[in-house]
Amino acid sequence: MRRSQLFIKTKKQAPADETAKNAQLLIRAGYIHKEMAGVYSYLPLGKIVIEKISQIVREEMNKIGGLEVLMSTLQNKEIWEITGRWDDKKVDNWFKTKLANGTDVGVGLTHEEPLINAIKNFVSSYKDLPIYPYQIQTKFRNELRAKSGLMRGREFLMKDLYSFSRSQKEHDKFYNDIAPNAYFEVYRRLDLGDITYKTFASGGYFSKFSLEFQTLSEVGEDTIYLDKTKRLAVNKEVYSDEVLNDLGLSKDGLEEVKAVEVGNIFPLGSGYSDALGLYFTDEHGQRQSVIMGCYGIGVSRLAGLLAEHFADERGLVWPVSVAPYAVYLACLEDKPEVKKLSDSVYSELTSAGISVLYDDRDERPGEKFADADLLGMPLRLIVSEKSIAGGGLELKSRTKDDTQIVPADSVKQLIVDRLSGLV
RNA sequence: CGGGGAUUGGCGCAGUUGGCUAGCGCGCCGCGUUUGGGACGCGGAGGUCGGAGGUUCGAGUCCUCUAUCCCCGACCA
């Protein structure tokens, strides 16, 4: 991508109406645009980040048998009334609206009911189960108070997977396997693996506990009690002697820390499926309940957390796995020799499959350096008379201060090596 | 939803006890000089002060209502 064709402009100053670091940086760098409190649009670079996170989540869900769907945003009131969740007294953060003819409709905030209703047409035998449909979709929740930029919006991108199992045992196996096999794999690929912990939290209507995935962060909304050696935590909301006892944790080994909930999984039992009439017939011709679970990952929240967590005083720092472009290539001077080398390196890297944001603008060097830092691509390549005199191009890592001059003919290989080292 | 703060060109801000054509920085347009860490000079464009109502000879400055944004709390992925 040529920077001259990318319509965004960076800003020196943070917007006055944001205090959250993630929102300030992402807006300054032109990744997102704020529409209103808790509602953000994704501009080209932000869209790529969101897509890259989504793709990682998608790959990991597919590996464990997930099947991607896309449910509707508009919700039919009738099926929500069956489970009682249309009632504002029970679910208080619905966005509700009306059709032209006056019919009430909801704007989707989760999707158990409609998904059960949809698959009911196809599930009737034990041979039809288990199934694990999921989607990556925008959720709408009418929060009383949006805050912290992308971390808590009224509209946010979320992956929600739902498991439909034939027995508690079958359910338990999937439920217990999904954390190590899929969730932690996602967080590892986002470079958050080391600071993300399985956390016991309140279970809602159908079970004693749910599991949350909490990433340590000073800006987190949750307080958890963490046993680092066991890599296990308890959310403050269920923290008690009894719970610690249940989980085999001792108060002495726990530290109180702030964390961001980047995922959660709930056992649902058969409450929703029974209510909506989703059953299957077993091998013996008996009607059986379908045991459900739901499994969320906040995709846009993760984007905000990554921005917040890895940034330094000069700007964003993206992990290689989600960076919009691997390389920020800046042509420093409007001189034929410099331009020619920049252009040729740009096309060489691009055709080798390395994504490059090529700063070909007629701007001063200082501005390009500042932008390279602010935008946060993992590697920076500079072409200038100075670099050419030194023997080629200047390569620098976003997170390190040292630079090295590399000959033009070995740039591609060196970048490939550097990137694989960073992954 | 309770408490606190804020709202003035695209962005960040100043604007005294109400007083004359509402300023500054960034950004933008033009010309010139510059070119390794967000350059400089000269010349421009752009706001009616969140909105409505009121007090006053006169309101960005005072009063009332209202909208929006941020923070703390409660609630929530």
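These numbers come from the heavy atoms of this one structure, side chains and all, not from hydrogens, waters or symmetry mates. All values derive from a computational prediction rather than experimental measurement.
To the nearest whole angstrom, the two P atoms, one in G5(B) and one in C62(B), are 15 Å apart. For U7(B) and C49(B), the C1' atoms lie 10 Å apart once the distance is rounded to whole Å. Remark: the separation of the P atoms in G27(B) and C42(B) is 15 Å, to the nearest Å. Rounded to whole Å, the separation between the P atoms of G38(B) and A45(B) comes to 30 Å. Annotation: G54(B) and G18(B) have their C1' atoms spaced 15 Å apart (nearest Å). A distance of about 15 Å separates the C1' atoms of G30(B) and G46(B), rounded to the whole Å. For the C1' atoms, the distance from C11(B) to G47(B) is 13 Å, rounded to whole Å. Taking atom P in both U17(B) and C71(B), the straight-line distance is 31 Å, to the nearest Å.
Relative to the side chain of Asp92(A), the nucleotides U35(B), A77(B), C75(B) differ in distance, and C75(B) lies closest. The Thr10(A) side chain lies nearest to G38(B) when the options are G38(B), C71(B), G37(B). Of all nucleotides listed (G37(B), C72(B), C76(B)), G37(B) comes nearest to the side chain of Asp373(A). Comparing G25(B), A74(B), A77(B) by their nearest atom to the side chain of Glu143(A) picks out A77(B). Residue Pro15(A) has its side chain nearest to G12(B) when only G12(B), C70(B), G37(B) are considered. Across G12(B), G36(B), G38(B), the shortest atom-to-atom separation from the side chain of Ala370(A) is found for G38(B). The side chain of Asp17(A) lies closest to C69(B) when the candidates are G12(B), C72(B), C69(B). Each of A77(B), U35(B), C70(B) was ranked by its minimum atom distance to the side chain of Thr19(A); first place goes to C70(B). Closest to the side chain of Lys12(A), from the set C26(B), C71(B), G37(B), is C26(B). Side chain of Lys11(A), nearest nucleotide from G36(B), A77(B), C11(B): C11(B).
What separates CD of Gln24(A) from C1' of C11(B) is a distance of 13 Å, to the nearest Å. Counting to the nearest Å, the C1' atom of U35(B) and the NZ atom of Lys368(A) are 10 Å from each other. Glu221(A) has its CD atom 9 Å from the C1' atom of A77(B), to the nearest Å. The distance between atom CD1 of Ile265(A) and atom P of A77(B), rounded to the nearest whole Å, is 15 Å. The separation between Asp362(A) atom CG and C29(B) atom P is 12 Å, rounded to whole Å.
Pairing for C42(B) is with G30(B), a Watson-Crick or G-U wobble pair whose two hydrogen-bonding atom distances lie under 3.5 Å. Across all strands shown, U64(B) forms a Watson-Crick or G-U wobble pair with A52(B), both key distances being under 3.5 Å.
A donor-acceptor contact closer than 3.5 angstrom is absent between the side chains of Asn117(A) and Glu113(A). Looking at Tyr328(A) and Asp373(A), their side chains never bring a donor and an acceptor atom within 3.5 Å of each other.
Contact annotation: the side chain of Asp343(A) approaches that of Tyr358(A) to within less than 4.5 Å [non-hydrogen atoms, C-beta and beyond]. Within the 4.5 Å cutoff, side-chain heavy atoms of Lys139(A) are placed close to those of Asp160(A). Proximity of Thr10(A) to Glu367(A): side-chain heavy atoms (C-beta onward) are nowhere separated by under 4.5 Å. Residues Leu278(A) and Ile119(A) have side chains in contact (heavy-atom distance under 4.5 Å, counting atoms from C-beta outward).
Aromatic ring centroids of Tyr295(A) and Phe174(A) lie under 6.0 Å apart.
Side-chain atoms of Arg154(A) do not come within 3.5 Å of backbone N or O of Asn142(A) as any donor-acceptor pair.
Residues of residues 25-52 of chain A having a heavy atom closer than 4.0 Å to RNA chain B, listed by number: Arg28(A), Lys34(A), Met36(A), Ala37(A).
Aromatic stacking of Phe369(A) on G38(B): not satisfied for centres closer than 5.5 Å together with planes under 30 degrees.
If you find the closest nucleotide of RNA chain B to Glu394(A) and to Lys9(A), the one lying nearer the 5' end belongs to Lys9(A). Sequence order on RNA chain B of the closest nucleotides to Glu18(A) and Asn93(A) puts Glu18(A) first from the 5' end.
Under the 6.0 Å distance and 45° angle rule, Lys96(A) counts as a cation-pi partner of Trp86(A).
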